[in-house]
Student: 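This structure is in structure tokens; I'll ask about it shortly.
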Amino acid sequence: MKYLLYEEKDKNVGVLTINRPEALNALNSGVIAELQTCLAELAKKAEEHSLRCLILTGAGEKSFVAGADIAEMRSMTVEEGRAFGLEGDKVMEALEDFPCPVIAAVNGFALGGGLELTLSCDIRIASTKASFALPETGLGIIPGYGGIQRLSRLVGAGFAKEMVYTTNRIKADAALSIGLVNHVYEPEALMTEAIALAEKITSNAPCAIAAAKKVANASVGLELSKSTRLENPAFGACFATEDQKEAMAAFVEKRPHSPFTGK
Ligand code: DAK
């Protein structure tokens, strides 16, 4: 891969790095195509539970992803713009539907499509150097990778609309205060903390985590009465797993449970 780095850490944690630092990791069609291919491959590992939490980050000290590639977009026709958007949407959906949790470790600029990428992840953590904005309206376009919708759901329509209409860039502490990120760390601590968070997730039963992610995603936008009904079949299905039997037996027998297998 030209634009991506992938590294497997201990405890079923993977780190995927967008590696185009000379352009602040901007999303050109090459990056988008590689993300599609790579996420499809990694999804197979996640289905088998050999990968149980994925961390997404950007290469270099300055940027997570500084948006879609403006140099590439500037001369697009309406049809090309739509096609470019559709390919990007596939990446956003692949992250959102990824079979295990995805953490965005935001190490710098998360602008436009870069912010939208983080919104498709399950959890966002940031370094004190991170900043967030949707600069699209200043470029004559709108956030086209589901940013308006996902940001509104996360931080509420008021903050989302302010970010879209003003293009103002907000720092990590402001992102924390509106719930856009869960935690903020010093830059040198970001990856250690991301891995610690990922390992905490992977210490739990992978089938249960996958089921919880599916229920959480499927519930978005549904009335409470409908979304709670989604939970019941998923809850019941957990009782078919070896991990549930072992974890509950271990509790009752007052012993540590054996490692979760994802079965
Ligand atoms: N695209 C292409 N190149 C970029 C880039 C970008 N988004 N951001 C930075 N770069 C490149 C710069 O051109 C520069 O390249 P060289 O000149 O060295 O060749 C290099 O990265 C370093 O950037 P700077 O020299 O500008 O670095 P500074 O520290 O001075 O400034 C900056 C950093 C992040 C403030 C600045 O680079 C900047 O404002 N960048 C643009 C940020 C931006 O506006 N991003 C949003 C892009 S719009 C769609 C769906 C989604 C989208 C579009 C369509 N459809 C459904 C159709 C998404 C749109 C966007 O994301």
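When a ligand or atom number is given, it counts from 1 through the structure's own listing order.
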Student: Answer yes or no for atom 38 (C) of ligand 1: protein heavy atom present at a distance under 4.0 Å?
Tutor: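 Neighbour list for atom 38 (C) of ligand 1 is empty of protein heavy atoms (cut-off 4.0 Å).
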
Student: Protein heavy atom under 4.0 angstrom of atom 1 (N) of ligand 1, is there one?
Tutor: yes

Student: Quiz question: by atom type and distance under 3.5 Å, do the side chains of E246 and S258 form a donor-acceptor pair?
Tutor: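 Yes.
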
Student: Using heavy atoms and a threshold below 4.0 Å, how should the contact between L27 and ligand 1 be classified: side chain, backbone, both, or neither?
Tutor: neither

Student: K62: heavy atom below 4.0 Å from ligand 1, yes or no?
Tutor: yes

Student: Please indicate whether any nitrogen or oxygen in G114 is less than 3.5 Å from any nitrogen or oxygen in ligand 1.
Tutor: no

Student: List the steps, then state whether side-chain contact (heavy atoms from CB on, under 4.5 Å) holds for D173 with V184.
Tutor: CA-CA 7 Å; D173 54 351; V184 177; 5.8 Å; no

Student: What protein heavy atom sits nearest atom 21 (O) of ligand 1, and how far away is it?
Tutor: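 Of the protein heavy atoms, A23 CA, 3.3 Å lies nearest.
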
Student: Measure from atom 50 (C) of ligand 1 to the protein's non-hydrogen atoms and state whether any distance is below 4.0 Å.
Tutor: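 Under 4.0 Å from atom 50 (C) of ligand 1, at least one protein heavy atom found.
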
Student: Go through ligand 1 atom by atom and flag the ones less than 4.0 Å from a non-hydrogen atom of Y145.
Tutor: 50 (C), 51 (C), 52 (C)

Student: Among all the protein's heavy atoms, is there at least one whose distance to atom 55 (N) of ligand 1 comes out below 4.0 Å?
Tutor: yes

Student: Should D69 and R20 count as an ion pair when the cut-off is N to O under 4.0 Å?
Tutor: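 Looking at D69 and R20, the cut-off is met.
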
Student: Decide whether the shortest distance between a heavy atom of R169 and an atom of ligand 1 is less than 4.0 Å.
Tutor: yes

Student: Taking the non-hydrogen atoms of E22, is any one of them nearer than 4.0 angstrom to ligand 1?
Tutor: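 Yes, E22 has heavy atoms under 4.0 Å from ligand 1.
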
Student: Taking 4.0 angstrom as the limit and counting only heavy atoms of F109, give me the atoms of ligand 1 inside it, by number and element.
Tutor: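 In order of number, 33 (C), 34 (C).
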
Student: Among V13, N12, I123, exactly one meets side-chain contact (heavy atoms from CB on, under 4.5 Å) together with I201. Which residue is that?
Tutor: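 Exactly one candidate clears the test, I123.
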
